[in-house]
Q: 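Structure incoming, see below.
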Amino acid sequence: MAIEGPLKELHIDDVFQLLDLGRKTGVLRVTSDLRQNAGTVFFENGAVVGAMIVSNPHPLGELLIRTGKVSEEAVVRARTLQTSRPDQRLGELLVEIGAISRRALDRNIRAQVEEVIFELMSWSEGYFRFEEGEPGQSPAEATFRIAPESLLMEAARRIDEWGRIVTKIPHQGVVPGFNPDQMNAAGSLELVPFEWEVLAAIDGTATVREVADRLHQPEFDVSKAIFGLASAGIVIIHDATTDSGNGAGGGIEALTAQADDHLAAGDLAGAHLVAQDAVMAYP
């Protein structure tokens, strides 16, 4: 029996709670025409055991290489072994050849699944459909079970933090740059290691989204770090949609005007990115 409907009538949080309480096993598919995106979540007895999303289709090998967890040579070696042992998953072979520990593999895959869930939980529009099925449908390379309750609590915490972050970072298209007054000031900076990584990736031309891509880190974590750096006066945030005066003074009008400009020029990809920023800043 399928459970389906628009997210405007039943929010994704409520869907997760419903599947948790019913100890459901099956596949939840969520689509958004506005975002041109779709996600799939796998449940077993009410727990999340896997997830994937169209906007981040990176397979395990590519993901681990991008994040510096394994070498490209190790992935090639594991894939070569997989040709003669097709029943074994790539992650298992990487552990077998000593390229990564089982604990590190599980942690990275779980983090990837959680990021997919948090992205889906930020959607206020779209359509969901859950179909019951048998256990073992998840393509996840690791075995884990995540309680929906813990995901909902973390998502709520992130929503609260986003409320503060958007006061300085209204969307992922803004550009962080160094504050010349702070750079010329005497004294040393006291930052945590991740803040140093983010600071080193800032060049005054890359957007927040591009900084996150460079670091292969979630946009939420990078935005949070840049928010802290901006609050401390170390960086300054530049927003082309308001700095240029486009769109009658900025805000949602500036973003929609910028999207219209991209569409008029036939740049659908650019319009899509601006639309995503608008939805995030003004849900």
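Computed from heavy atoms alone, side chains included, the values below leave out hydrogens, waters and symmetry copies.
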Q: If hydrophobic clusters are built by linking Ile, Leu, Val, Met, Phe, Trp and Tyr wherever their side-chain heavy atoms come under 4.5 Å apart, do F178 and V175 end up in the same one?
A: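 No, because F178 and V175 fall into different hydrophobic clusters, even though each may have its own neighbours under 4.5 Å.
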Q: Rounded to the nearest 0.5 Å, what separation is found between the CD atom of E132 and the CD1 atom of I3?
A: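 One gets 6.5 Å once the value is rounded to the nearest 0.5 Å.
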Q: Treating Ile, Leu, Val, Met, Phe, Trp and Tyr as nodes and any side-chain heavy-atom pair under 4.5 angstrom as an edge, say whether I234 and I236 lie in one connected cluster.
A: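 No, separate clusters.
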Q: For a quick test of reading the model, state the closest non-hydrogen atom pair linking P176 to I202 and the distance between them.
A: O-CG2, 3.2 Å
Q: Would you indicate whether the side-chain heavy atoms of L18 and F130 approach each other to under 4.5 Å?
A: no
Q: Got V41 and V30 here, is their nearest side-chain heavy-atom distance under 4.5 Å?
A: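 SC-SC contact between V41 and V30 ruled out.
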Q: When you look at T80 and R77, which way does the side-chain contact (heavy atoms from CB on, under 4.5 Å) test go after all the steps?
A: CA-CA 5 Å; T80 301; R77 181 183 172 192; 5.6 Å; no
Q: With the threshold set at 4.0 Å, does a side-chain nitrogen-carboxylate oxygen contact exist between E92 and R85?
A: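 Salt bridge: no.
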Q: For the pair R35 and E125, find out whether any cationic side-chain nitrogen is under 4.0 Å from an anionic carboxylate oxygen.
A: yes
Q: Side-chain contact, heavy-atom cut-off 4.5 Å: E119 with E115?
A: no
Q: Could you report the tightest heavy-atom contact between R214 and A201, atom names first, then the distance?
A: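 The pair with the smallest heavy-atom distance is NH1-O, 3.0 Å.
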Q: With a 4.5 Å cut-off on side-chain heavy-atom distances among I, L, V, M, F, W and Y, is there a chain of contacts connecting I117 to Y127?
A: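 No, because I117 and Y127 fall into different hydrophobic clusters, even though each may have its own neighbours under 4.5 Å.
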Q: Is there a side-chain contact between L90 and R79 in this structure, where contact means two heavy atoms from C-beta onward sitting under 4.5 Å apart?
A: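 Of all side-chain heavy-atom pairs linking R79 with L90, at least one is under 4.5 Å.
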Q: Please identify each residue that fulfils side chain to side chain donor-acceptor pair (under 3.5 Å) with R209, with sequence neighbours left out.
A: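 Partners of R209 under the side chain to side chain donor-acceptor pair (under 3.5 Å) test: D277.
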Q: Between E154 and R158, is there a side-chain N and carboxylate O pair less than 4.0 Å apart?
A: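 Answer for the salt bridge query: yes.
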Q: Is L199 reachable from F220 through a run of hydrophobic residues whose side-chain heavy atoms are each under 4.5 Å from the next?
A: yes
Q: For the CZ atom of R107 and the CD atom of Q112, what is their distance to the nearest 0.5 Å?
A: 14.5 Å
Q: Would you mind reporting whether L191 and L229 have side-chain heavy atoms less than 4.5 Å apart?
A: yes
Q: What distance separates R103 CZ from S101 OG, expressed to the nearest 0.5 Å?
A: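 Answer rounded to 0.5 Å: 8.0 Å.
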Q: Taking the side chain as everything from C-beta on, heavy atoms only, tell me whether I237 gets closer than 4.5 Å to I226.
A: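 Yes, side chains in contact.
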Q: So do L151 and E114 actually touch side chain to side chain, heavy atoms under 4.5 Å?
A: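 E114 vs L151: side chains touch.
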Q: Mind jotting down which residue pairs meet the ring-ring contact (aromatic ring centres under 6.0 Å, His included) criterion with at least one end in residues 61-112? Sequence neighbours excluded, please.
A: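 Qualifying pairs: none.
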Q: Using the side-chain hydrogen bond (donor to acceptor under 3.5 Å, both in side chains) rule, collect all pairs that involve residues 38-50, keeping only residues at least two apart or in two chains.
A: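 The answer is none; no pair qualifies.
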Q: Quick check: closest heavy atoms across A259 and A271, and the distance to 0.1 Å?
A: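 Closest heavy-atom pair between A259 and A271: O-CB, 3.8 Å.
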Q: Should I165 and K224 count as side-chain neighbours, where that means a heavy-atom distance under 4.5 Å?
A: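 I165 reaches K224 side chain to side chain.
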Q: If I compare all heavy atoms of V208 with all of S223, which pair ends up nearest, and what's the gap?
A: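 Scanning both residues, the minimum pair turns out to be CG1-OG, 3.5 Å.
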Q: Under the side-chain contact (heavy atoms from CB on, under 4.5 Å) rule, what do M121 and D13 come out as? Steps first, then yes or no, please.
A: CA-CA 7 Å; M121 287 185 174; D13 294 11; 3.9 Å; yes
Q: Please give me the minimum heavy-atom distance between A212 and E219, naming the atom from each residue.
A: CB-CG, 3.9 Å
Q: Kindly compute the distance separating CG (N37) from CD1 (I53), expressed to the nearest 0.5 Å.
A: 4.0 Å
Q: Connecting only ILVMFWY residues whose side-chain heavy atoms lie within less than 4.5 Å of each other, what is the rest of L268's hydrophobic cluster?
A: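 L268 clusters with L263.
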Q: Between CG of L120 and CZ of F128, what distance do you get to the nearest 0.5 Å?
A: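 Here the interatomic distance stands at 13.0 Å.
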Q: Quick one: do E72 and I65 satisfy side-chain contact (heavy atoms from CB on, under 4.5 Å)? Show the steps, please.
A: CA-CA 6 Å; E72 187 173 353; I65 292 172; 4.1 Å; yes
Q: Only counting residues at least two apart or in another chain, list the ones meeting side chain to side chain donor-acceptor pair (under 3.5 Å) with E195.
A: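 Testing E195 for side chain to side chain donor-acceptor pair (under 3.5 Å), a comparison that skips the adjacent residues, returns none.
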Q: Look at the side chain of R145 and the backbone N and O of A47, then say whether any donor-acceptor pair between them is shorter than 3.5 Å.
A: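 No, R145 side chain to A47 backbone: no donor-acceptor pair under 3.5 Å.
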Q: Is the number of heavy atoms from other residues, nucleotides or ligands under 6.0 Å of E4 CD greater than 12?
A: yes
Q: Side chain to side chain donor-acceptor pair (under 3.5 Å) between Q172 and T207: does it pass, once the steps are laid out?
A: CA-CA 7 Å; Q172 304 301 294; T207 64; over 6 Å; no
Q: Do the side chains of I97 and I100 join up, straight or via other hydrophobic residues, at under 4.5 Å, putting them in one cluster?
A: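 Yes.
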Q: According to the ring-ring contact (aromatic ring centres under 6.0 Å, His included) rule, which pairs have a member within residues 3-51, sequence neighbours left out?
A: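 Output for this query lists F16-F43.
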Q: Hey, what do you get for CZ (F118) to CD1 (I159), rounding to the nearest 0.5 Å?
A: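 The CZ atom of F118 sits 10.0 Å away from the CD1 atom of I159.
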Q: Does the side-chain contact (heavy atoms from CB on, under 4.5 Å) test come out yes or no for V198 and D221, once each step is laid out?
A: CA-CA 10 Å; V198 172; D221 294 340; over 6 Å; no
Q: Within a reach of under 6.0 Å around CG of D33, are more than 12 heavy atoms found that belong to other residues, nucleotides or ligands?
A: no
Q: Please report the shortest heavy-atom distance between A38 and T31, naming the atom on each side.
A: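 Taking every non-hydrogen atom into account, CB-CG2, 3.9 Å.
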